[in-house]
Student: 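Sending over a structure as structure tokens; questions will come in a sec.
None of the values given here were measured: they were computed from a predicted structure. Only this structure's heavy atoms are used, side chains among them; waters, hydrogens and symmetry mates stay out. Each chain gets a letter, A, B and so on, in the order its sequence line appears, and its residues count up from 1.
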Amino acid sequence: MTSHPPRESQVRLASQPGPSDDWTFRVEDLTKRFGAVVANDAITLSVEPGEVYGLLGPNGAGKSTLVKQTIGLLKPTSGRITLGRFDLVADPDAARQLCSYLPQVQMPIESFHVTEAIELAGRIRGGSSKDIGIRTASLIDALDLGEWRNALGHSLSGGVRRLVGFCMAIVRPGRVVILDEPTNDVDPLRRRLLWREIRALGAHGCAVLLVTHNVLEAEKSVDRLAVIHKGRLVAEGTPSSMKAGDRRHLRLQLMLTPGTATPEPPAWAGPPVRVGNNLVTTIAEADAAIAIVWAAEMTAAGVAEEYALAAMTLEDAYIRLTSHMSNDEGDESD
Amino acid sequence: MTEAPAAILVPHGTVARGPRHWLHAYAVMVRWHLASLRLWLVVLTIVQLLAGVGFVLGIALFFSHIPTTAALFVSTGVPVINLLTVGMILGPQLVADQRSNGSYEYLRSMPVSRSVSAMAWYTVCLLGGVPAVVVALVVAQLRYDLPLHVSPMIVPAVLLTSFAGTMLGYALGHAISSPMATRMVTQLLVFVVFGFAPVLYPLSQMPRWLGAVNWWLPFRHMAVVTRAALTPGAHAAVLSGYVVLGVWAIVCAALAGRALGRRP
């Protein structure tokens, strides 16, 4: 596929948006190749203002490539990325001003005081000194970061530094706020505070693009989500609609005794997935009784240490879509 | 808790351009760079003073009686070394570090233009170089009682020398994607400037061919224009020095801008 350089008229249009209130973020037929590798393959999606949109996928799926094209660090091989009437590919200056970005790696703030880092990030985004000062103070309170207000970046723990980076990204939010694994290293209590701030961004009209491979967290937090696998968008919808295919099914999990071989799955169970000593399979609700009997037998025979029967989660749908076991439950590192 | 003003919370829908936006972004980016160097300022100052005062005083150790001409040459070449240390040597190494630790992409995603980034960094390099220049010259004057004569031309000489060196470093840092390669090239530059460019010693000391090579490099010209502004009398090759330096500065700035804006 060849690239299509923007025509002059498109660039001019991008610089002079009309009175339109259309602030929908649209990715249309986006393809990015690196030599023979197709990192993004004809991806189309859109995020409305006020929406928290999850971008899920295993490592190397192409999520970051999509983000980097949005903020003008990579150029698409073909396709379009627009924000309302702004063409973000043709006008990377507009892309950087209209999109806020929290990268997956920590912000480079070793020698910055916490308040200073957040305020400078806000000032660079064009906020007035007074407004940014008030907003910074309110964010520090909202995320319970008061005790580190004057600390230097290099003395902060990974989680606190992550939260400071989050504040830097949202102190003066753009129309699109891109958050790449915002909760990495953050403790459970402050994670809740962080999600509250993300919801507030939506309430003020930002389109939030949340990049994550933490499926369980995304299930609770996003309005809609897309699953990207091997560069392609393989599913898109609300968390509930993603799980629709799993209705009237249950998830049976066996914690196998270390060193034992994977037991032969019964005919009524779906294809099993084993990660470490965890064996997970899907069963129909109607088979719950025989499944419990079978799992109890396995436990009694010493093949498994314990078992659990539970409702299907988004993670099960995710695994089905990507044929990939997410092993980051409880482990937030990438 | 004070609620933040709506002007901040509601995302803006305009793209700021023009001179007012440029100046605002420039001022904030200078503050950003200064803050990012905070932990290194003490070390940087010591390195700068060692490079400047160290060279000025160190040259006397080579001779039992140092000729005034030699002392004058070294003392008026040292400002070039000071002006190059931050922008041309440290600058690309900082970019290499940013590439290594992953922060390079965040810095490139900041909503400032390439010219703002470049000029803010140049300002910081100038601020980091000038005090050491002044101290080295004062020490030289006290130690050797030199016939120094500081003319107003020191202003363009220092500004252009620092600008050309900073842009050269900036172009190297941003155009070379391998951090290891960047570090090796800057080491090579140190080697060239200290050993094989007529900065601290006269051109006449060099083999003719090496002198010819140096005519095409910026370092000799940096020394010529700086020395001319610090010593009395007429000087040869000052005008051509400004021209060659100007060309280097413009080409390096263009290369740096291109490398910064590159979207693979």
Side-chain angles (χ1 to χ4, degrees), chain A residues 14-15 17 23 34 49 68-69 71-75 84 86 91-94 96-101 103-113 116-117 120 122-128 130-132 134-135 137-139 141-142 152 154 171-177 200-201 204-206, chain B residues 1-18 20-22 24-42 44 94-95 97-117 120 260-264:
Chain A
S15 310
W23 286 108
F34 297 103
K68 286 176 190 171
Q69 292 170 94
I71 54 173
L73 297 181
L74 290 174
K75 196 166 190 177
F86 287 94
D91 190 354
D93 280 347
R96 289 198 297 267
Q97 288 192 37
L98 295 170
C99 302
S100 307
Y101 174 49
Q104 191 177 0
V105 296
Q106 294 282 22
M107 295 281 203
I109 52 165
E110 287 85 356
S111 58
F112 290 72
H113 296 289
E116 173 188 49
L120 277 177
R123 297 281 288 141
I124 288 170
R125 297 200 64 79
S128 77
K130 187 180 161 210
D131 287 352
I132 291 293
I134 297 170
R135 166 75 165 152
S138 106
L139 273 175
D141 285 345
L152 279 173
H154 77 95
V171 58
R172 175 86 171 101
R175 286 277 162 182
V176 177
V177 178
L201 288 173
H204 285 102
C206 301
Chain B
M1 184 169 69
T2 316
E3 181 62 25
I8 288 293
L9 293 170
V10 176
H12 62 93
T14 53
V15 177
R17 302 180 209 265
R20 263 190 69 180
H21 169 67
W22 195 99
H24 167 82
Y26 164 78
V28 183
M29 281 310 287
V30 169
R31 284 181 60 198
W32 174 278
H33 285 311
L34 286 174
S36 71
L37 289 174
R38 180 178 283 130
L39 295 176
W40 300 101
L41 276 180
V42 175
L44 190 63
L94 282 175
V95 176
D97 287 346
Q98 289 159 3
R99 286 188 195 271
S100 300
N101 67 27
S103 62
Y104 186 65
E105 281 174 353
Y106 172 72
L107 295 167
R108 279 190 63 203
S109 77
M110 283 179 156
V112 294
S113 68
R114 287 171 269 170
S115 61
V116 164
S117 302
L260 255 181
R262 194 161 43 115
R263 288 185 290 166

Student: Using a cut-off of under 4.5 Å on heavy-atom pairs, state which of A:Lys130, A:Arg125, A:Glu110 scores highest against chain B.
Tutor: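 Going by pairs under 4.5 Å, I would pick A:Arg125.
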Student: Any chance you could measure B:Asn101, atom CG, to A:Gln106, atom CD, to the nearest 0.5 Å?
Tutor: 10.5 Å
Student: If you measure from OG on B:Ser113 to CZ on A:Arg96, what distance do you get to the nearest 0.5 Å?
Tutor: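 Rounded to the nearest 0.5 Å, the OG-CZ separation comes to 8.0 Å.
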Student: How long is the span from the CZ atom in B:Arg17 to the CD atom in A:Gln97, to the nearest 0.5 Å?
Tutor: 7.0 Å
Student: Which heavy atom of B:Ser103 sits nearest to which heavy atom of A:Val105, and what is that distance?
Tutor: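 Shortest heavy-atom separation between B:Ser103 and A:Val105 comes out as N-CG2, 4.5 Å.
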Student: Mind checking ring-ring contact (aromatic ring centres under 6.0 Å, His included) for B:Trp40 and listing every partner two or more places apart, or none if nothing turns up?
Tutor: none
Student: Using non-hydrogen atoms only, which part of A:Pro173 is less than 4.5 Å away from chain B: side chain, backbone, both, or neither?
Tutor: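 Its backbone and side chain both get close to chain B.
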Student: Contact part of A:Val177 toward chain B, heavy-atom cut-off under 4.5 Å: side chain, backbone, both or neither?
Tutor: neither
Student: Tell me if a side-chain donor or acceptor on A:His113 pairs with a main-chain N or O of B:Ala35 at a distance below 3.5 Å.
Tutor: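 Side chain of A:His113 to backbone of B:Ala35, a donor-acceptor pair under 3.5 Å: no, none is there.
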Student: Roughly how far, to the nearest 0.5 Å, is CD1 of A:Ile109 from CH2 of B:Trp32?
Tutor: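 So the gap between those two atoms works out to 8.0 Å.
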Student: Counting C-beta onward and ignoring hydrogens, is there a side-chain heavy-atom pair between A:Pro108 and B:Gln98 closer than 4.5 Å?
Tutor: no
Student: The criterion is side chain to side chain contact (heavy atoms under 4.5 Å, CB included); which residues satisfy it with B:Leu37, sequence neighbours excluded?
Tutor: B:Leu94, B:Trp121, B:Val124
Student: Let me know if B:Ala25 has heavy atoms under 4.5 Å from chain A in its side chain, its backbone, both or neither.
Tutor: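 Contact with chain A: none, neither part.
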Student: Of all heavy-atom pairs between B:Ser109 and A:Tyr101, which one has the smallest distance, and what is that distance?
Tutor: OG-CD2, 3.4 Å
Student: Side chain from CB out, backbone as N, CA, C, O: work out which of these in B:His12 comes under 4.5 Å of a heavy atom of chain A, or both, or neither.
Tutor: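 It is both, since atoms from each part get that close.
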Student: Provide the closest heavy-atom pair for A:Phe112 versus B:Arg38 in the form atom of the first, atom of the second, distance.
Tutor: CA-NH1, 3.9 Å
Student: What's the verdict on side-chain contact (heavy atoms from CB on, under 4.5 Å) for B:His24 and A:Arg123, showing C-alpha distance, side-chain angles and the deciding distance?
Tutor: CA-CA 9 Å; B:His24 167 82; A:Arg123 297 281 288 141; 3.4 Å; yes
Student: Of the non-hydrogen atoms in A:Ile124 and B:Met110, which two are nearest, and what is the gap between them?
Tutor: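 Looking at all heavy atoms of both residues, the shortest contact is CD1-CE, 3.9 Å.
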Student: Measure A:Leu152 against the heavy atoms of chain B and call it side chain, backbone, both or neither at under 4.5 Å.
Tutor: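 Side chain only.
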Student: Shortest non-hydrogen contact from A:Cys206 to B:Pro11?
Tutor: SG-CG, 3.7 Å
